[in-house]
Each structure stands twice: as C-alpha cells, then as structure tokens.
Amino acid sequence: MGAFKVTDSVFCVGAKDPDRRLFEGQYSVPEGMAYNSYVIVDEKVAVTDTVDAELGEEWMENIVSVLGERAPDYLVIHHMEPDHSANIRRFTAAYPNCTVVAGARAFPMMAQFYGDDHASGRLEVGDGSRLVLGRHVLNFISAPMVHWPEVVLSYEESERILFSADAFGRFGASGGAALEEWTDEARRYYIGIVGKYGAQVQALLKKASALDIDIICPLHGPVLCGDTERYIGLYDTWSSYAPETRGVLIACASIYGNTAKAAAILEEKLKKAGCETTLVDLTCEDMAQAVALAFKYDRLVLASVTYNGDIFPCMRTYLDALGERGYKKRSVGLIENGSWAPVAAKKMRAELESCAEIEWLGSVTVRSALSDASQKELDALADALLGCGK
Ligand code: FEO
C-alpha cells in the first residue's frame with residue numbers, strides 16, 4: 001500500500017494483504033487484512049510494531065521510503081502476536097543499534113518466538129512510562145488481555161494520538177474510517193477476537209478516559225481521525241456487554257427447511273410490526289458475523305432441529321462461541337423441531353444456563369412441520385419478543 005502520512009511527523013508504514021481469506025485460521029476476511037505499523041519522526045525516531053511474516057519486505061521498503069538513510073532509534077512492540085511481531089529480527093538485523101521497547105511480559109515471548117529477548121538493547125515499559133522522542137512523547141498504558149497479557153498501548157501527547165494495538169482494529173484491507181463503514185467489520189473483529197475480555201477492555205477505557213484523543217492508530221484497519229469518542233463509545237458498549245441497538249437476531253439451524261420456515265415466518269411477523277430483525281442461517285453463513293450480531297441486538301431467537309437426541313452441530317458451535325465470549329444481558333426465545341423426541345429447546349437453554357442476566361421468552365415446538373398449534377406458539381413468541389423491554 002506504500003507509506004502514508006497520518007500527520008506531518010507520523011506515518012503509517014504498514015502493509016496490506018488483499019488476498020488473505022482467513023485471519024487467525026478461523027475468521028473469514030473477504031476484503032483481506034491490513035497490518036499497520038507507524039513511524040514517528042522527531043529528534044529520535046520510533047517505529048511501532050512490525051507486520052505479518054509474509055509482508056516484511058514491503059514493510060521495510062515503506063520504512064525506508066519515509067526515513068531514507070536515517071536509522072530508527074526505537075522499535076516499540078505493543079503486542080507480541082506474530083501478525084505484529086514476526087519481523088522483529090528482520091528489523092533489528094537492519095538496525096542493530098535500535099532499542100526494542102515493550103512491556104515486561106513481551107520480552108520472554110520474543111525469546112520463545114524468535115530466540116532473542118534483546119537483553120542488551122531493550123527498554124521495558126508499563127503504566128506511567130514515558131519515551132521522549134523530542135517534541136513527541138509516548139506515554140505507555142498497560143492493557144493486559146487486550147488481547148494478550150503483554151499488551152501495552154501508547155499515547156503520543158503532542159498530537160494526541162493513541163497507538164491502540166489490536167483495540168479499534170477492523171477486518172479488511174480496504175474500507176474507510178467513517179463510523180458507518182467501520183462498525184460492522186470492527187464489531188465482528190472485536191466480538192470474535194477480544195469479546196471474551198470485556199472486563200479488561202473496560203479497565204483500559206477507564207485509563208484512556210483521562211486522555212484527549214484526536215487520532216486512533218490501531219494495528220488493523222483504518223486510522224481513525226476525529227469523532228474518536230464515537231468509536232470509543234462503541235467499544236464501551238461492546239465491552240460492557242450492553243446491546244448496541246434494539247432488534248432481534250434469529251439464528252437458525254435447519255436440515256430440510258421446516259425449522260427455517262418457522263424462523264422465516266417469525267422474522268416476517270417481527271418486521272411487519274416494525275421491529276429490526278435479522279435472520280442468519282448457521283448452516284451456511286459466517287459464524288463470526290452471527291456471533292457478533294447476537295451481541296449487537298438485545299433479543300435473540302435460537303431455532304434448531306433436534307439431531308441425534310441433541311442440538312444440531314452448527315448450533316452447538318454457535319452456543320459455544322456465545323458462551324466463550326460471555327454472552328449476557330439479553331432476552332432469548334427458542335424454536336425447536338423434532339419428529340419423535342424434540343429436545344433442542346431444553347438443550348439450547350441448558351447451553352446458555354451459565355450466561356448471566358438472560359430473560360427467557362418462551363419456546364415453540366415444531367413437530368416435523370408447522371401445524372396450527374405451532375403457528376399459535378410462534379404468534380405468542382412474536383408477542384413476547386415485541387413486548388420485551390418496552
Ligand atoms: Fe492482531 Fe492479537 O493480534
């Protein structure tokens with residue numbers, strides 16, 4: 001992508017992988033992935049983070065395009081996951097006099113991953129640490145488990161820039177930073193990758209609330225300039241497990257279409273009543289998006305066929321993913337189908353039993369195909385969903 005200016009003294013030197021289709025071995029990224037790295041030019045020069053292993057050459061070229069012959073003084077590692085640390089050795093080989101700056105827990109990881117803990121040229125930083133580059137000063141904030149334990153963020157005080165590591169990242173190698181354009185893929189990224197660590201994100205936001213932030217420079221996705229409180233507001237919502245908007249997600253796992261038909265009729269009833277409703281087919285649609293949408297809305301309907309005396313496998317995967325990410329504070333309805341021994345509703349409820357503050361809105365039992373009796377139950381579930389939270 002080439003280097004580009006963030007401000008007169010700060011440049012993004014990251015690299016994009018538009019052809020990548022799977023991130024972290026599990027997240028579909030139809031628009032590829034961006035790996036950001038930044039250069040701060042002052043009396044001293046700092047480079048922040050590296051990029052994915054395959055993009056190291058392009059990244060080094062981008063650094064040279066900004067600095068020319070000048071050697072950086074510091075390599076700041078905010079996060080040790082290999083999508084950001086894979087080129088540390090390439091960098092230190094090219095710039096052997098630079099100091100590697102990172103949280104204390106990052107250095108043992110450098111030894112584990114790359115065989116070198118930089119004992120002779122390193123600077124450990126954490127809460128309250130400052131790195132003076134000249135006019136630019138980096139203030140470090142530890143952010144354990146956002147998304148690994150060694151993570152630190154840094155705040156550059158002269159230009160009010162937050163270097164936010166994985167936080168505020170987004171899937172996709174393209175796409176702008178306008179909130180409307182950013183939100184869907186940022187939510188899918190946040191819920192998928194960091195969603196389990198809401199308490200830690202809340203702790204970070206508390207520390208960041210003392211800062212005036214004009215620009216957010218994440219490790220993935222676009223640089224966020226202006227209106228940063230709106231992005232931070234969404235992170236506050238997501239990490240506190242509050243619904244982002246009123247609406248219903250219907251997550252459906254059907255085999256021959258009868259469960260899907262019940263779900264579609266419910267969707268129609270809700271939409272007709274003016275309720276924002278989304279129906280996802282767990283058998284073929286993106287699981288990470290289905291998970292993220294459950295957190296977006298305040299109400300959820302789980303619709304599954306009974307299968308081998310249990311829940312259909314993709315529904316089990318879905319419920320595991322919700323539980324792992326601390327799904328809570330929502331209202332949930334159930335649709336089950338079973339031709340001789342329907343048990344999916346009971347099993348789905350049991351799967352979410354450990355989730356806090358779930359209001360159960362009732363269930364619909366379909367025996368093979370919709371009947372007058374199950375249609376009435378659907379009406380009752382629609383009424384319960386529409387009346388909920390009013
Ligand atoms: Fe983008 Fe947790 O690494």
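No hydrogens, no waters, no symmetry mates; every other heavy atom, side chains included, goes into these values. The structure displayed is predicted, hence computed values, not measured ones. Read the numbers this way: they start at 1 and go in the same order the structure lists the ligands and their atoms.
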I'd like the atom name of the N/O/S atom in [X] lying closest to atom 2 (Fe) of ligand 1.
{"X": "His79", "result": "NE2"}
{"X": "His147", "result": "ND1"}
{"X": "Glu81", "result": "OE1"}

* To do: Measure the acute angle between the ring planes of Phe140 and His78, then classify it against the limits of 30° and 60° as parallel, tilted or perpendicular.
  => tilted

* Aromatic ring pairing Tyr197/His147, orientation class (parallel under 30°, perpendicular over 60°, tilted between) ->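 Taking His147 first and then Tyr197, their aromatic rings sit tilted (interplane angle of 30° to 60°).
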
* Would you sort out whether Ser368 and Tyr256 count as a side-chain hydrogen bond (donor to acceptor under 3.5 Å, both in side chains), showing the intermediate values? => CA-CA 9 Å; Ser368 302; Tyr256 294 110; over 6 Å; no

* To do: Just to the nearest 10 degrees, tell me the angle at atom 1 (Fe) of ligand 1 spanned by Asp166 OD1 and His220 NE2.
  =>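 My answer is 100°, to the nearest 10°.
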
* Could you tell me the angle subtended at atom 1 (Fe) of ligand 1 by OD2 of Asp83 and NE2 of His84, rounded to 10°? =>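 Value, to the nearest 10 degrees: 80°.
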
* **Among Tyr297, Tyr318, Phe295, the one residue meeting ring-ring contact (aromatic ring centres under 6.0 Å, His included) with Tyr327** => Phe295

* Going through the distances and angles, do Asp49 and His84 end up as a side-chain hydrogen bond (donor to acceptor under 3.5 Å, both in side chains)? -> CA-CA 6 Å; Asp49 301 289; His84 310 296; 6.0 Å; no

